[in-house]
Amino acid sequence: LWPWLLASSGLSALVQLVTLPFFPDSPSYLLIQKGNEEACRKAIRKLWGEGDHQAEIDDIMKEKGAMASTKTSRVLEVIKERSLRWQLYILMTVMTTLQLCGINAIYFYSFEVFHTAKFEEYLIPYVSLGVGLCECLSSILCSTLIDRCGRKVLLWGGYSLMGSVLALLTMTLSLQHRFFWMHYFSVILIFLFVVFYGIGP
């Protein structure tokens, strides 16, 4: 079954390859990059139907003007620029914590935790698939929550809950030989960690 599951990702790529030529180009790309207003209007009509779309074209023209007045900076210039220092620190912190948050370790050791929890050998791949599905569903949920709660709340909440779950998981893995039910608690914590990762970071 796993070869078929891995090959299934190629199906969406194939659908995109077949359908992509029939999609119109981005109106902003046609107007800003190519400077072709007529093609831009045609693309807008194809995307949004017939009607007066002058307001959208005016917005794109404003964007083009703003881009023309913006100076393109090199990497070293961005690093040296004092006004961008805090934004750069925040970006580096978010990206570093995302890499070191523990999600890779959870995926790597989950098979061993499921095996220790006395799951049947043939069921473990399906439980692992359930973990991936949890991440997918929680990411979809995050897209609905981000407008209501804001990015900062989701980041702080996600990392706090993930840290708590990792602390509990460390405890359950240490005590799994003393209490038989600790194995199942560890499995629940793995699922919770993945959900919080999808909602937060």
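All values below come from the heavy atoms of this structure, side chains included, with hydrogens, waters and symmetry mates left out. Keep in mind that this is a model prediction, so the values were computed, not measured.
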Note, Phe193 side chain near Ile188 side chain (heavy atom, < 4.5 Å)
no

Which heavy atom of Ser186 sits nearest to which heavy atom of Leu169, and what is that distance?
O-CD1, 3.7 Å

Within 6.0 angstrom of Glu112 CD, more than 12 heavy atoms from elsewhere:
no

Closer than 3.5 angstrom, by distance alone: can the side chain of Arg85 be matched with the main-chain N or O of Lys80 as a donor-acceptor pair?
yes

Can you check whether Phe23 reaches Lys46 side chain to side chain, under 4.5 Å on heavy atoms?
no

Would you call the rings of His115 and Phe111 parallel, tilted or perpendicular if under 30° counts as parallel and over 60° as perpendicular?
parallel

Sequence neighbours excluded, which residues qualify as side-chain hydrogen bond (donor to acceptor under 3.5 Å, both in side chains) partners of Ser174?
none

Would you indicate whether the side-chain heavy atoms of Leu166 and Ile106 approach each other to under 4.5 Å?
yes

Side chain to side chain contact (heavy atoms under 4.5 Å, CB included) between Phe108 and Asn104, worked out:
CA-CA 6 Å; Phe108 187 78; Asn104 294 324; over 6 Å; no

Heavy-atom count check: over 12 atoms from other residues, nucleotides or ligands less than 6.0 Å from Tyr109 OH?
no

For Asp58, side-chain hydrogen bond (donor to acceptor under 3.5 Å, both in side chains) partners two or more places apart:
Gln54

Which residues pass the side-chain hydrogen bond (donor to acceptor under 3.5 Å, both in side chains) test with Ser26, sequence neighbours left out?
Ser28

Can you say whether the rings of His183 and His177 are parallel (under 30°), tilted (30 to 60°) or perpendicular (over 60°)?
perpendicular

Are the side chains of Leu31 and Asn36 in touch, meaning some heavy atoms are under 4.5 Å apart?
no

Hey, are the side chains of Leu129 and Leu133 touching, using non-hydrogen atoms and a 4.5 Å cut-off?
no

Within the 4.5 Å heavy-atom criterion, are Glu135 and Tyr107 side-chain neighbours or not?
yes

